[in-house]
2 protein chains.
Amino acid sequence: MNIGQAARASGVSAKMIRYYEKIGLIPNATRSGAGYRTYNSSDVHSLYFIRSARDLGFSVEKIMKLLALWRDRDRASADVKDMALAHAAGLKAKIAELQAMVQTLEYLANHCHGNDRPDCPIIENLAERTAAVATERRAGVQSKAPLFGTDTPASSRDRASTGTRKA
Amino acid sequence: MNIGQAARASGVSAKMIRYYEKIGLIPNATRSGAGYRTYNSSDVHSLYFIRSARDLGFSVEKIMKLLALWRDRDRASADVKDMALAHAAGLKAKIAELQAMVQTLEYLANHCHGNDRPDCPIIENLAERTAAVATERRAGVQSKAPLFGTDTPASSRDRASTGTRKA
DNA sequence: CCTTGACCTTCCTATCGTTGGAAACTTTAG
DNA sequence: CTAAAGTTTCCAACGATAGGAAGGTCAAGG
């Protein structure tokens, strides 16, 4: 079985199969005389496993651990369960973040006339102080740089400590 | 105001300010005699706008449009509202996707004993056919290569699905 | 004046997962 | 034999961000 067949059978593109091999997620494939990679059904099975895990949002790094557990016939199911639940928790956090964004956007849209006049609270909020919901969501948020018409070049207090605030 | 002050005042890192300038999201900054970029409060205001939009999950590309609308005093508020709602809809789709993942993971975890024995339906499902929820979520999924313990290198129906489906 | 340290400059690299292309080779079908 | 399809490797790009190296600049203090 060449890489194309393996790709179609597993749902992982040939490009990605080579990539997974290069980064060590899967072992080096055996080669035919002409240098073609050859795969058997067990390899396809691994690839399908990988694709399923990617569909569930697991990173390649985590998939490495899952694959190790998969191949370990003496694994404890608790290990896998922990990984799955931890991953689910991470996804939930991401969901909450996105929901806060949606809430803010819809709040702003609801306060926008949506006509042909320029008056638009969405723009105004983005420009002036970020909407309330987003502000609340943000963790260590303090005093949002009120400098406006003022042109003071180096105002007395510098917050935001250069970097590493958010993802 | 130098780039460091602008960064602290706007919440956008100096690295990102230079990047935004390079990709044309913001105009080239004026320079001091020594080549330092200088900013005024209006520039900081733009940066703050950008940061707020990024916090709401807007891509840089969309922010370019938002900035154009911001600077266009004759814009129709409907344009901005449409963008905001379209973006919210996109976020909602993403949320639904993540929720499906969580659902699958928790379903699998609930069926896992989580003890020190190797028996683990999470692994089994990843390996064999992907859990029901994920399968339903996936669109045109068919005939999932049932090849299993068999080790036939080129079994009869490995080219069955020769027709480029999926990416 | 000179040093020190904070700041700024450009340029290069990396991340993560994936896709794209180019140039060359092999296999398969006609 | 030829043409098409498949494969190989290598190189680059995406989006947004972070890190670092090597060097120039500024302000304060001796």
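These figures come from a predicted structure and were not determined experimentally. The sequence lines fix the lettering, A, B, ..., with proteins before strands; numbering per chain opens at 1.
Remark: C1' of D:dT17 and CZ of B:Arg51 are 14 Å apart, rounded to the nearest angstrom. Rounded to an integer number of Å, the gap from OH of A:Tyr19 to C1' of C:dT19 is 12 Å. The distance between atom CD of B:Gln5 and atom P of D:dT25, rounded to the nearest whole Å, is 18 Å. Look at NZ on A:Lys94: it is 15 Å from P on C:dC16, rounded to the nearest Å. Atom pair B:Lys15:NZ and C:dT13:P shows a separation of 13 Å (rounding to whole Å applied). Distance A:Ile23 CD1 to C:dG17 C1': 9 Å, rounded to the nearest Å. Atom C1' of nucleotide C:dG17 and atom CG of A:Leu47 are separated by 15 Å, given to the nearest angstrom.
Between the A:Thr38 side chain and the A:Ser32 main chain, no donor and acceptor come within less than 3.5 Å of each other. Remark: side-chain polar atoms of A:Asn40 are paired, donor with acceptor, to backbone N or O of A:Ser42 under 3.5 angstrom.
Partner A:Ile17 forms a side chain to side chain contact (heavy atoms under 4.5 Å, CB included) with one of A:Val44, A:Leu25, A:Ile3 and no other, that one being A:Ile3.
Each of A:Arg18 and B:Ser32 has a nearest nucleotide on DNA chain D; the 5'-most of these lies closest to A:Arg18. The residue among B:Gly33 and B:Glu61 whose nearest nucleotide of DNA chain D is located toward the 5' end is B:Glu61.
Closest contact between the side chain of A:Ile3 and the listed nucleotides D:dT7, D:dA16, C:dT10 involves D:dT7. Comparing C:dC8, D:dT9, C:dG17 against the side chain of A:Arg54 picks out C:dG17 as the nearest. The side chain of B:Asn2 approaches C:dC8 more closely than any other nucleotide in the set D:dT7, D:dC26, C:dC8.
Using a cutoff of 4.0 Å between basic side-chain nitrogens and carboxylate oxygens, B:Lys92 and A:Glu106 are scored as salt-bridged.
Between A:Arg37 and the phosphate of D:dT7, there is no side-chain N or O to OP1/OP2 separation shorter than 4.0 Å. In this structure, A:Ser13 reaches the C:dT19 phosphate: one of its side-chain N or O atoms is under 4.0 Å from OP1 or OP2. In this structure, A:Ser59 does not reach the C:dC16 phosphate: none of its side-chain N or O atoms is under 4.0 Å from OP1 or OP2. Taking only side-chain nitrogens and oxygens, A:Tyr20 comes nearer than 4.0 Å to OP1 or OP2 of C:dT18.
Residues A:His111 and A:Tyr107 place their aromatic rings such that the two centres sit under 6.0 Å apart.
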